[in-house]
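Inspection log for the structure reproduced underneath, given as structure tokens.
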Amino acid sequence: LDDVCIHRRMRLSCGHVEGACVVCPYHGWKFTADGHGTSPGTPRMHGEAVSFDVREAFGIVWVKAAGIDAEFP
């Protein structure tokens with residue numbers, strides 16, 4: 001995920017992991033690995049954070065924008 005909460009732009013790296021989600025430390029929004037976010041105070045409110053596809057190969061971590069057709073080496 002990009003290191004920015006879509007709600008109030010807080011750094012997600014300051015948050016914590018809860019189950020399979022990253023939790024924003026500011027208002028508690030939860031984000032899955034594919035970027036789907038939900039609000040704890042308004043459960044019907046949803047948003048999408050920027051996410052990336054990642055692969056480790058040949059001793060290198062390869063990153064690309066999620067959903068791009070380009071293949072990893």
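Both backbone and side-chain heavy atoms feed into the values below; hydrogens, waters and symmetry mates do not.
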Determine, using the 4.5 Å side-chain heavy-atom cutoff (strictly less than), whether Ile68 and Phe52 are members of one ILVMFWY cluster.
-> no
Residue pair Cys24 / Leu12: nearest heavy atoms and the distance that separates them = CB-CD2, 3.7 Å
With rounding to the nearest 0.5 Å, note down the distance linking CZ in Phe72 to CD1 in Ile60.
-> 12.5 Å
Compare every heavy atom of His16 with every heavy atom of Glu18, then report the nearest pair and how far apart it is.
-> OE1-NE2, 3.6 Å
Decide yes or no for Cys5 and Tyr26: does some side-chain heavy atom of the first lie under 4.5 Å from some side-chain heavy atom of the second?
-> no
For Pro25, does its backbone N or O pair with a side-chain atom of Arg11 as donor and acceptor, under 3.5 Å?
-> no
What is the ring orientation for His7 with His27, classed by angle as parallel under 30°, tilted 30 to 60°, or perpendicular over 60°?
-> perpendicular
Honestly curious: do Val50 and Val22 fall in one hydrophobic cluster under the side-chain, below-4.5 Å linking rule?
-> no
Does one hydrophobic cluster hold both Trp29 and Leu1, with members joined at side-chain heavy-atom distances below 4.5 Å?
-> yes
What is the minimum heavy-atom distance between Ala57 and Trp62, and which atoms define it?
-> O-NE1, 3.1 Å
CD1-OG distance between Ile6 and Ser39, expressed to the nearest 0.5 angstrom | 10.0 Å
Taking everything shown except Glu71 itself, do over 12 heavy atoms lie less than 6.0 Å from its CD?
-> no
Considering all heavy atoms of both residues, which atom of Phe31 and which atom of Gly37 are nearest to each other, and what is their separation?
-> CD2-CA, 3.5 Å
Taking every non-hydrogen atom, the tightest pair across Ala33 and Ser51 = O-CB, 3.8 Å
